[in-house]
Engineer: 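If you scroll down you'll find the structure; I have some questions about it.
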Amino acid sequence: MNGAVRHILILGGTTEARRLAADLAADPALRVTSSLAGRVAEPRLPAGRVRIGGFGGPEGLARWLREQQVDALIDATHPFAGTISFNAARAAAAVRVPLLAVRRPGWVAGPGDDWHPVGSLAEAADALPALGERVFLTTGRMGLAAFAHLEDRWFLVRSVDAPEPPMPPRTEILLDRGPFTPEGEADLLRRHRIDVLVTKDSGAAATSAKLTAAREAAIPVVVVQRPPAPSGIPVATGPAEAVEWLTRTLG
């Protein structure tokens with residue numbers, strides 16, 4: 001990449017975003033800013049500059065892109081952070097800044113898996129009575145209200161930060177952050193006598209060990225499928241493809 005220093009904004013908060021920021025920050029021809037939503041109390045900070053907090057919708061993001069003279073925008077947010085992805089598409093189109101989406105591949109069920117795909121947390125809650133009584137809930141601390149009415153189920157809720165009510169009355173909180181191992185997840189399932197797992201299709205290897213453990217224990221898995229993403233946006237599956245796109249785009 002030749003010429004003046006180019007400003008790259010990464011909408012981050014994911015492992016892929018941190019890896020990409022590290023790769024790009026090593027290039028003196030680039031100025032890298034990562035934007036984090038601020039939902040985690042102590043986030044893992046990426047290389048380069050970091051801003052925390054929202055932009056104020058697509059108009060606010062477009063204004064920031066213009067004022068900060070951003071040359072390329074990379075949406076490397078979590079697959080379930082759907083609103084920011086649509087805001088990014090609208091903002092990039094408004095100011096004519098090139099946009100790339102980094103979307104990790106979703107999980108794929110294999111032999112021995114007992115998966116029950118659903119479209120939302122509410123549908124996941126509806127599926128539980130027929131599947132088990134002791135639930136390992138790994139959908140994060142947001143959205144627990146969808147399960148709060150299930151008074152006859154017991155929940156182990158794992159999240160990075162402590163969740164807030166409303167939540168199911170019979171709930172144990174486990175504060176932890178991946179990556180996890182199949183052996184550790186298998187031990188957790190045994191110790192808590194888990195008979196059903198609920199997760200989001202976030203993809204990535206860091207949190208997939210629970211799926212292996214559930215398969216080996218013959219435990220059903222309720223999988224919340226990803227929300228729609230903006231169409232017509234070029235997509236990379238990881239940091240290496242994103243760097244290639246940026247090289248082609250900026251020259």
Engineer: Under 4.5 Å between side-chain heavy atoms, hopping through other hydrophobics if needed: is there a path connecting Leu73 to Trp245?
Structural biologist: no

Engineer: According to salt bridge (Lys or Arg N to Asp or Glu O under 4.0 Å), who are the partners of Arg104, at least two apart in sequence or on a separate chain?
Structural biologist: Glu16

Engineer: Hey, could you give me each pair passing ring-ring contact (aromatic ring centres under 6.0 Å, His included) that has a residue in residues 78-127? Not counting sequence neighbours.
Structural biologist: His78-Phe80

Engineer: Tell me, which pairs form a ring-ring contact (aromatic ring centres under 6.0 Å, His included) where one or both residues lie in residues 16-57, sequence neighbours left out?
Structural biologist: Phe55-Trp64

Engineer: Residues two or more places apart in sequence or in another chain: which of them pass side chain to side chain donor-acceptor pair (under 3.5 Å) with Arg170?
Structural biologist: none

Engineer: Checking Arg191 now: which residues fulfil salt bridge (Lys or Arg N to Asp or Glu O under 4.0 Å) with it, not counting sequence neighbours?
Structural biologist: Asp187

Engineer: Kindly write out the residues that satisfy side chain to side chain contact (heavy atoms under 4.5 Å, CB included) with Glu244, not counting sequence neighbours, or none if the list is empty.
Structural biologist: Arg248

Engineer: Can you list the other members of the hydrophobic cluster that holds Ile52, where links are side-chain heavy atoms under 4.5 angstrom apart?
Structural biologist: Leu36, Leu45, Val50

Engineer: According to the side chain to side chain donor-acceptor pair (under 3.5 Å) rule, which pairs have a member within residues 140-169, sequence neighbours left out?
Structural biologist: Arg158-Glu185

Engineer: Run the salt bridge (Lys or Arg N to Asp or Glu O under 4.0 Å) test against Arg134 and tell me which residues pass, sequence neighbours left out.
Structural biologist: none

Engineer: To check you understand the geometry: which heavy-atom pair defines the closest contact between Ala21 and Pro46, and what is its length?
Structural biologist: CB-CB, 3.8 Å

Engineer: Got a sec, which residues hit side chain to side chain contact (heavy atoms under 4.5 Å, CB included) with Ala186, two or more places apart in sequence or on another chain?
Structural biologist: Arg190, Ala213

Engineer: Going by ring pair (Phe, Tyr, Trp, His ring centres under 6.0 Å), name the residues that satisfy it together with Phe136, two or more places apart in sequence or in a different chain.
Structural biologist: none

Engineer: Suppose we screen for salt bridge (Lys or Arg N to Asp or Glu O under 4.0 Å). Which residues come up paired with Glu216, at least two apart in sequence or across chains?
Structural biologist: none

